[in-house]
Amino acid sequence: MSKKSVLVYGRLTDDQLATLARDFDVTHFSGTDLANDPAFHKALQGAHGLVGASLAITPDLLDMAPRLEAIASVSVGVDNYPVEELTRRGILLCNTPDVLTETTADTGFLLIMATARRAVELAEFIKRGDWEAGIGEAQFGSDVHGKTLGMVGFGRIGAAIARRGALGFGMKILYSNASPKPELEAELGAERRELDALLAEADFVCVTVPLTAATEKLIGAREFSLMKPSGIFVNIARGKVVDEPALIAALETGEIKAAGLDVFEQEPLPSESPLPHMKNVVALPHIGSATTETRNAMAQRAVDNITLALKGQRPINLVNADTWSKP
Ligand code: NAP
């Protein structure tokens, strides 16, 4: 029997590729514009599985892949996939939760610290040779410890960031989330608030909701106007959860003090974006989970998921559970 075909368009280690190749006929793509790559389109015709990330899988691409059985995304976020359409077609969608939670939370806390203490701006100050005397008020930052951290989204990553804040920095934790989280309230003393109240009360507002129709532009001009002028905004979720022009305006007018951003409406960030040039912004190129250990673990989970799915076994992380009818 011929092997099933798997197209890989994300980074796997050589060992992981070799493991996959034992069971499947593997083709590795590394182009940057796969959605318009004729070779990728041709390969889709015979593909049973896809493994990758950062490629928006559209119904048009799915039409080119009549044999597709499963997709293993190397990410926890699934906003690049038409989930209902995949379910309708009976295509399994797998993701990589848990293995990236702590690393992404580290990045979230890095943004909290770096914005509050102006670490990037002041590192640039030294590089320019401007450190000529003792630093003064013009270089002072804000404390993090003892402040109020407002989590917008209180799932795996939100809780892991809050844990760092509460247990490491003595922060008071507020959260706004679709469902209440009594266990986290007990563990961290966290208090649930309506979003508007959280925005008004928090010193740091940190977004960790997934991008869905309900969360697109969740934070816009009205929401920034509710924040304290001393408030710091951090987005470690997805750029489109925020109305980016409204964020830029709030930062320019001083409606909020600073922002730490790992994600943007358009990625890579267009060269004309003012955000990386603003003194009160720490901008990172979507590195939330980008450590060697965690990216390897995510890739391994994707390999495990696609292998199980294409062998007819339930994958470890199945997003569209409705596709699974086997006992
Ligand atoms: P998760 O455990 O599913 O947490 C998401 C939380 O958001 C859940 O608690 C959920 O509420 C809540 N939520 C969903 N829709 C909501 C809404 N409309 N209003 C209020 N709350 C809502 O996911 P996670 O593992 O923490 O990951 C969260 C997101 O982080 C991912 O989807 C991804 O986009 C992003 N992420 C970014 C990076 C990066 O590199 N920057 C890395 C990893 C993940 P319930 O608990 O009630 O369902």
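Whatever order the structure lists ligands and atoms in, that order sets their numbers, starting from 1. Residue numbers count from 1 along this sequence.
- Summary of contacts: the protein heavy atom closest to atom 29 (C) of ligand 1 is Thr208 O, 3.8 Å.
- Nearest to atom 46 (O) of ligand 1 by heavy atom, out of His286, Lys240, Lys181, Met298, is Lys181.
- Glu85 and Arg89 are joined by a salt bridge, as a carboxylate oxygen and a charged side-chain nitrogen come within less than 4.0 angstrom of each other.
- Salt-bridge check for Arg163 with Glu187: passed, with a basic side-chain N closer than 4.0 Å to an acidic carboxylate O.
- Note: no N/O pair closer than 3.5 Å links Val209 and ligand 1 by distance alone.
- Ring geometry for Phe40 versus Phe29: interplanar angle over 60°, hence perpendicular rather than tilted (30 to 60°).
- Only the side chain of Asp262 comes within 4.0 Å of ligand 1, counting heavy atoms alone; its backbone N, CA, C and O stay farther away.
- In this structure, Pro97 does not count as a contact residue of ligand 1, since none of its heavy atoms falls inside 4.0 Å of the ligand.
- The nearest heavy-atom contact from the protein to atom 1 (P) of ligand 1 is Arg156 NH2, 3.6 Å.
- Each of the following atoms of ligand 1 lies closer than 4.0 Å to a heavy atom of Ser289: 40 (O).
- Judged by the shortest distance from any of its heavy atoms, Thr101 lies outside the 4.0 Å radius around the atoms of ligand 1.
- Residue-ligand proximity: Val76 is placed with a non-hydrogen atom under 4.0 Å from ligand 1.
- Asp23 and Lys4 are not joined by a salt bridge, as no carboxylate oxygen comes within less than 4.0 angstrom of a charged side-chain nitrogen.
- Salt bridge Glu69/Lys311: absent, no basic N to carboxylate O contact under 4.0 Å.
- Nearest protein heavy-atom neighbour of atom 8 (C) of ligand 1: Asn177 OD1, 3.5 Å.
- Shortest contact from atom 35 (C) of ligand 1 to any protein heavy atom: Ala237 O, 3.6 Å.
- Of the protein's heavy atoms, none falls inside 4.0 Å of atom 48 (O) of ligand 1.
- Asp304 and Gln300 share a side-chain donor-acceptor pair at under 3.5 Å.
- For the side chain to side chain contact (heavy atoms under 4.5 Å, CB included) criterion with Leu261, the lone passing option out of Leu284, Leu247, Val234 is Leu247.
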